[in-house]
There are 12 protein chains.
Amino acid sequence: MTILVLNGPNLSRLGKREPHLYGARALADINRSLAESFPEIQFEFFQSEIEGELIRKLFEAEDEGKVQGVALNPGALAHTSIALRDAIASIRLPVVEVHLTNVFARETFRRHSFVSEVCVGVISGFGEMSYRLGVQALLWRLRSEVGK
Amino acid sequence: MTILVLNGPNLSRLGKREPHLYGARALADINRSLAESFPEIQFEFFQSEIEGELIRKLFEAEDEGKVQGVALNPGALAHTSIALRDAIASIRLPVVEVHLTNVFARETFRRHSFVSEVCVGVISGFGEMSYRLGVQALLWRLRSEVGK
Amino acid sequence: MTILVLNGPNLSRLGKREPHLYGARALADINRSLAESFPEIQFEFFQSEIEGELIRKLFEAEDEGKVQGVALNPGALAHTSIALRDAIASIRLPVVEVHLTNVFARETFRRHSFVSEVCVGVISGFGEMSYRLGVQALLWRLRSEVGK
Amino acid sequence: MTILVLNGPNLSRLGKREPHLYGARALADINRSLAESFPEIQFEFFQSEIEGELIRKLFEAEDEGKVQGVALNPGALAHTSIALRDAIASIRLPVVEVHLTNVFARETFRRHSFVSEVCVGVISGFGEMSYRLGVQALLWRLRSEVGK
Amino acid sequence: MTILVLNGPNLSRLGKREPHLYGARALADINRSLAESFPEIQFEFFQSEIEGELIRKLFEAEDEGKVQGVALNPGALAHTSIALRDAIASIRLPVVEVHLTNVFARETFRRHSFVSEVCVGVISGFGEMSYRLGVQALLWRLRSEVGK
Amino acid sequence: MTILVLNGPNLSRLGKREPHLYGARALADINRSLAESFPEIQFEFFQSEIEGELIRKLFEAEDEGKVQGVALNPGALAHTSIALRDAIASIRLPVVEVHLTNVFARETFRRHSFVSEVCVGVISGFGEMSYRLGVQALLWRLRSEVGK
Amino acid sequence: MTILVLNGPNLSRLGKREPHLYGARALADINRSLAESFPEIQFEFFQSEIEGELIRKLFEAEDEGKVQGVALNPGALAHTSIALRDAIASIRLPVVEVHLTNVFARETFRRHSFVSEVCVGVISGFGEMSYRLGVQALLWRLRSEVGK
Amino acid sequence: MTILVLNGPNLSRLGKREPHLYGARALADINRSLAESFPEIQFEFFQSEIEGELIRKLFEAEDEGKVQGVALNPGALAHTSIALRDAIASIRLPVVEVHLTNVFARETFRRHSFVSEVCVGVISGFGEMSYRLGVQALLWRLRSEVGK
Amino acid sequence: MTILVLNGPNLSRLGKREPHLYGARALADINRSLAESFPEIQFEFFQSEIEGELIRKLFEAEDEGKVQGVALNPGALAHTSIALRDAIASIRLPVVEVHLTNVFARETFRRHSFVSEVCVGVISGFGEMSYRLGVQALLWRLRSEVGK
Amino acid sequence: MTILVLNGPNLSRLGKREPHLYGARALADINRSLAESFPEIQFEFFQSEIEGELIRKLFEAEDEGKVQGVALNPGALAHTSIALRDAIASIRLPVVEVHLTNVFARETFRRHSFVSEVCVGVISGFGEMSYRLGVQALLWRLRSEVGK
Amino acid sequence: MTILVLNGPNLSRLGKREPHLYGARALADINRSLAESFPEIQFEFFQSEIEGELIRKLFEAEDEGKVQGVALNPGALAHTSIALRDAIASIRLPVVEVHLTNVFARETFRRHSFVSEVCVGVISGFGEMSYRLGVQALLWRLRSEVGK
Amino acid sequence: MTILVLNGPNLSRLGKREPHLYGARALADINRSLAESFPEIQFEFFQSEIEGELIRKLFEAEDEGKVQGVALNPGALAHTSIALRDAIASIRLPVVEVHLTNVFARETFRRHSFVSEVCVGVISGFGEMSYRLGVQALLWRLRSEVGK
């Protein structure tokens, strides 16, 4: 089983960016820990600052057929990108939205996510643990679909 | 370690209530499964249709000192109860908000939760798996606090 | 045939409460007249100031199986209670919303009812006659369902 | 006693228009049934697609002095016509607003009625039974005025 | 010089309609007084409850070439009719908007007039004197145009 | 094949009305050109300043059975008439909404059309060419339905 | 009879200020013409850029007892000053609001006047003729009060 | 003379709850001090987390006839409970609204109180001194009513 | 100890201004009674219709060093003056906001006060008693600061 | 004559993406059909998921001088991209906005297009026929400009 | 060349007012430094807490003919004064708006300035350096006008 | 000292794009002039139409350590890009926002900038002079930081 972990703008700054908010570990470290936590799963990691590259990655993942699910941290694009939303809606892969911080306890403009409406669900506020919970949620979802 | 699983209005209807949305299992079954998934943890389960009883339970949990964290499914009170929000803000116990359905993909009035702002984080959309992820998030939080 | 007449907060004040708005008769009198107007129907009457008790009553009515329909005057909860709305949506009993006053001719905050969206219909503005019309509407609904 | 049953735009389409919403019976059939249900009452029936013709009919009814009350289904004009509202406010005849469907459970723009504020009350959601309930409400109103 | 005095819905009710708001005199009386106040002017009077008939009258007035200006009391259409607004914008005749009551001191929905934006100006709140002031304003406007 | 070309308020003014916005040709000229462009099609042309007459025409077209589709320029009624919207929704004929000007580049109140939601599609901004494109769109739609 | 003509901020600029909007004549000229038009009336003229000085003038006018009515051009304070509104409401003198330009055809923020709600009426859009109409409206009002 | 001091949700937490906001003293201590400050007055103290119990207490106070006035700290219900508002409106006892903190200097959602509109007045921001001022305000009100 | 009692626009009208709202006593009388109620305190009284003069008085009070606190009735400036708000924020003197009427039970535009956010607290609705309560609140505040 | 057909994010998914909404044909097929329908025209086709690449393409088209007009399907960028809007405004080429689906009959956030305001016009709702109509509209526009 | 430096309410408090926001230097010091930085320019300095006095100063500056440009720090009036806006629009002198703090990073009500729309441009956030940049911007503007 | 001058979408069109708004000089010319005005400073110039490339450039500037400050003209991204805002917040380099035009005097959607909140300050409306003022503001900021 392969899971795509997709990170949007500014997540390349983890470790450097406002560590009181986002923690002190770099994205590479978080990815490594995540892979170690789920040794039975293949991971594909991708990050970009560019909305269109994230969209393309979703299409590739769908078309190549290796990936079974996506853990997506859209960063600030959650709040502004209808294009990303439409991309998720246009593929059949299940996508779980994850956020490091509790976006609902921050500025008003972070309250609404265009992306949430087309994801399986949302996990927000648990630092890098959010990714681990996101992967578990995906596994649960994939298994329950198989069970049908 | 003891965790309080607190459920708000209408969650007593699980299994009977719109099963296409909320699943076919009763709350008691979900609670039992949850306890079996975490054999090392003590659980206290409480459900009420009454906002004030949920608030009292939070205070009791804090005052008696046995409970270390709360997994809260506030149901519809998430969207209307500032009193519940203030109760969570007034205790020191960490609270994780969980929802069975993806509330962000439903009616507009379910988009805003007064409660989220004072919780550690939010998990929404994974059926009864949401509770399991919520408990894991709490464990992570409690351990990272201990580690400080 | 049994019909539950459910009254929300402040309706216990009828007769005492702003009689120019709500009329001079107590709730007990209204209930008695209602029963006399429909001698062929069994009535169950319940009033509470507490949102959660109204929700519980709806669940009891559904679970015990005696009641076939509900005439609900939610009082001010119409405008604020998503929990009550969800409770109605979670049962199969038809519910008709009734109001003594014409809520659409009063303050702006009385214009929207969360409850209306999940009821069969709404009757508003005819004093205690609203209950009688509500019961007739329920009878019509129940008969037309039987006729299917 | 004479009651005017006034129907606004599109109600001439009943039976043909979205029957899953509005039922399968034509307006003429509904009118006939209504008259049969209240053999002691004279009915005057009027329908128009034109706002101004409905207003004129209200004025005629008031000025000719035969009609004692009005059951009005304003159709979509409820949501847009301040002129109709002002016409109702300018006559002394009591007017009851009726709707076939539960307008509060449909699109947002059907939630507000300019007309409701100047009517005795509102009945919404019971198919052609709404007219029958509306006539009963008028009778109650007219009798209680006589009783004063 | 000929001036068209155009009255919209419900103004046929003057004298009968809420006399504490609109005064005790009928429209015909007001028209007669107006004509007597300006003996040097020809008047054409037109009233309709129907938006489209008012629009047609404006077009006729423009096309026949006798009328030099319009005093318009749009009634409630001021607040709802973009069609009437567009009709005024499509003719070259100057139009002055008049209201019997002070519409700015009444319900919120009477605060905005689509029509005002395309009229020369607005006179509101002086009972039938509003028409007289409106005619004077038109005369001033027509003279100052001649003077150019 | 017969197509109804239906024009709303103020379109009778074409040629006279703000020619910098709407062009210098009268509606009759536009209609004639349109007919000449599609010699294989029967056209029925109707214009009215009155909302209710447009609604009636739609019903007639549906009931008489000759017309297969409608090209509708609702004029300003697009922005204010829920009655017209409901009329379109209540018939089975496909309706294409056309506008001479680009309504999206004008005043804010022209941005929203109640009618668009129940039409096949919208064509806006191409002067009288909008009608020709509208007819082509209808032909395409009718053919693709036949092809099913 | 004495009438106070009260002018708010920026009206001292008339003649210099955007003449395409406000005309080429200075306030003193306008005042002189106004006095000449009504030789039977005493006028008191006052202009200030300061909200509080306008309020004081209103109080003086009321307290000294010479003035019978006020023609007020509040300028931009119409849109922002609740204090001026309260001052007008606190005196018994009738006040007519006048504007040189048609404020309803300008920026959105000029659409609402706090002052209109407590004035007898509003005259807007007729250049210095607005003052003359305002004085006539006051005379009408004062006479009709006397007539009571 | 007896005064009811009524406290809403979360006020049982005083002393424990965010002491930087609400002070370090428990509700019992505040009540005791209050009673000592007004030795000539009888006090009845009641607190509940449940909206409906507060409403019932208000009705009891009115019906038993011992209480002459109410000092109400509604807590967060001020911002959400129309039912509490209606209960206050339905009794004749004067009610003064008090808040420990200055609710107007906190989150936006604390700016509006449904309750204020039906209370004699509001006192907000003076810690437990708010109760003392509230009682004085009640005494003043009761005396001035007696003086009538 | 010296306290500045600062009154904004229109409060010079007390006794004359809408006595059913504001009472029958003049400001001078209220001031005198206030001074008699607190014989141990020095009072400085200042009223102005001009926002800028109120701001200057606050600065003088701070700079001269005699005044220890301010009871401010901003009148209508509460709802419109950010400048007054900033002035209060820029001084160290504690300011208590008082209103004669219950501003929360009046027009919507009186619901929001820019000033409240930077005051110690708010007292609203108790006629001239509001000033007395305001002074007491200031004394409490000044003493509790001394006690620190 | 050369026309640029420019497609924004997600349009590369046509045929795969929600075929009930967008049809079963791939973008390459649509492009090929379009070229075949207009054999006399040169087409340049460009699609990108990246907003900035679409902007660059518009600049290239303008600067190279071969292209005479643009048919643009901005996809979801219509609703969010002011940058794309500004790019269109900054070139002299006429641009026609086309959409496959009727965006006005979908989610509320698809109702507003920043792009429409600077395009010649809008065509929405006719599947791949929308492109054909868009090209015709461009031809009409280009010819009428030549005709000037 | 003479430049008027105009400061609005509360800027007399600089040095004393919240120094963490506004810096530790008094307005006189800032003015002196500014004059020293531009020895070739004449400066006129004016500050007032009163809106009307600022407006008068602008008129004087225009009428006396010595001043060539204005650097205006309107303080809080930026957000509330349409009168100040209109005064700027009514003179020909170029005005540059300056703010000490970055008003866009503070409370929401500081986001909108009525004044900006009629100024040459805005400089915000650089402490007393904002004035120096403002003067430079004026010099640039005046030179480029001369160059025309 | 090195300063990065960063330009967003459409600024590559300067000289070609609406020269009445943006001036007649190309970006390269503006950059050259800017460098000549500050011979003691090193400049790095970067422009892109792609949001993500601007973000990357900011990260590179921070990571390479040569750049001390950024003058950013975000173009239309100011109004839509939370990702750009987050990127600025995540670096320690001071950023000054500059605009060629006075964005506050244009369309409403240009009034709000997500970017302003995390910049040192804003300079808007002075053509290419805005860049020069921006660099000066940066120098001032960098020197005052050194002085700490």
Side-chain angles (χ1 to χ4, degrees), chain K residues 21 23-25 33-34 37 69 71-72 74 78-79 85 88-89 94-145 147-148, chain L residues 21 23-25 33-34 37 69 71-72 74 78-79 85 88-89 94-145 147-148:
Chain K
L21 274 180
R25 303 227 303 161
S33 294
L34 188 64
S37 301
L72 168 67
H79 318 302
R85 174 204 154 101
I88 296 170
V95 180
V96 169
E97 182 182 358
V98 299
H99 292 278
L100 293 157
T101 61
N102 182 353
V103 288
F104 308 106
R106 299 177 63 191
E107 298 95 335
T108 307
F109 58 74
R110 292 194 211 272
R111 289 276 175 84
H112 177 260
S113 162
F114 281 109
V115 166
S116 302
E117 291 177 309
V118 291
C119 287
V120 177
V122 178
I123 293 167
S124 175
F126 309 106
E128 64 175 280
M129 183 70 182
S130 289
Y131 290 95
R132 246 176 284 169
L133 297 173
V135 170
Q136 281 188 284
L138 272 175
L139 294 181
W140 158 83
R141 171 64 177 251
L142 291 165
R143 277 172 204 144
S144 61
E145 282 183 344
K148 280 182 194 169
Chain L
L21 274 181
R25 304 226 304 159
S33 294
L34 189 63
S37 302
L72 168 68
H79 318 302
R85 174 203 153 102
I88 296 170
V95 180
V96 168
E97 182 181 358
V98 300
H99 292 277
L100 292 157
T101 61
N102 182 355
V103 289
F104 307 107
R106 298 178 62 191
E107 299 95 334
T108 307
F109 59 73
R110 291 193 211 273
R111 290 277 175 83
H112 177 259
S113 162
F114 282 110
V115 167
S116 302
E117 292 177 310
V118 291
C119 287
V120 176
V122 178
I123 292 168
S124 175
F126 310 106
E128 67 175 279
M129 183 71 181
S130 289
Y131 291 94
R132 245 176 285 167
L133 298 173
V135 170
Q136 280 188 285
L138 272 174
L139 294 180
W140 158 82
R141 170 63 176 250
L142 291 164
R143 278 173 202 143
S144 62
E145 283 182 343
K148 279 183 191 169

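The sequence lines fix the lettering, A, B, ..., with proteins before strands; numbering per chain opens at 1.
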A.B. asks: Locate the shortest heavy-atom distance separating L:Ala89 from L:Val118; write the atom from each residue and the value.
C.D. replies: CB-CG1, 4.0 Å
A.B. asks: Could you check whether K:Arg110 and K:Thr101, counting side-chain N and O atoms only, form a donor-acceptor pair closer than 3.5 Å?
C.D. replies: no
A.B. asks: Is the K:His99 ring parallel, tilted or perpendicular to the K:His79 ring (thresholds 30°, 60°)?
C.D. replies: parallel
A.B. asks: Let's test your reading of the structure: which of K:Gly134, K:Gly121, K:Ser113, K:Ser130 forms the most heavy-atom pairs below 4.5 Å with chain L?
C.D. replies: K:Gly121
A.B. asks: Side chain, backbone, both or neither: which part of L:Val103 has an atom under 4.5 Å from a heavy atom of chain K?
C.D. replies: neither
A.B. asks: I'd like to know which of K:Leu133, K:Val122, K:Val96, K:Ile123 tops the heavy-atom pair count under 4.5 Å against chain L.
C.D. replies: K:Val122
A.B. asks: Ignoring hydrogens, what is the shortest heavy-atom contact between K:Arg141 and K:Val120? Give both atom names and the distance.
C.D. replies: NH1-CG1, 3.1 Å
A.B. asks: In terms of heavy-atom pairs under 4.5 Å with chain L, which of K:Arg132, K:Arg106, K:Glu117, K:Glu97 leads?
C.D. replies: K:Glu117
A.B. asks: Of all the heavy-atom pairs spanning K:Pro74 and K:Val98, show the shortest one and how long it is.
C.D. replies: CD-O, 3.9 Å
A.B. asks: What part of L:His112 gets closer than 4.5 Å to chain K, counting heavy atoms only: side chain, backbone, both or neither?
C.D. replies: side chain
A.B. asks: Of all of L:Ser124, L:Gly125, L:Gly127, which one pairs up most often with chain K through heavy atoms under 4.5 Å apart?
C.D. replies: L:Ser124
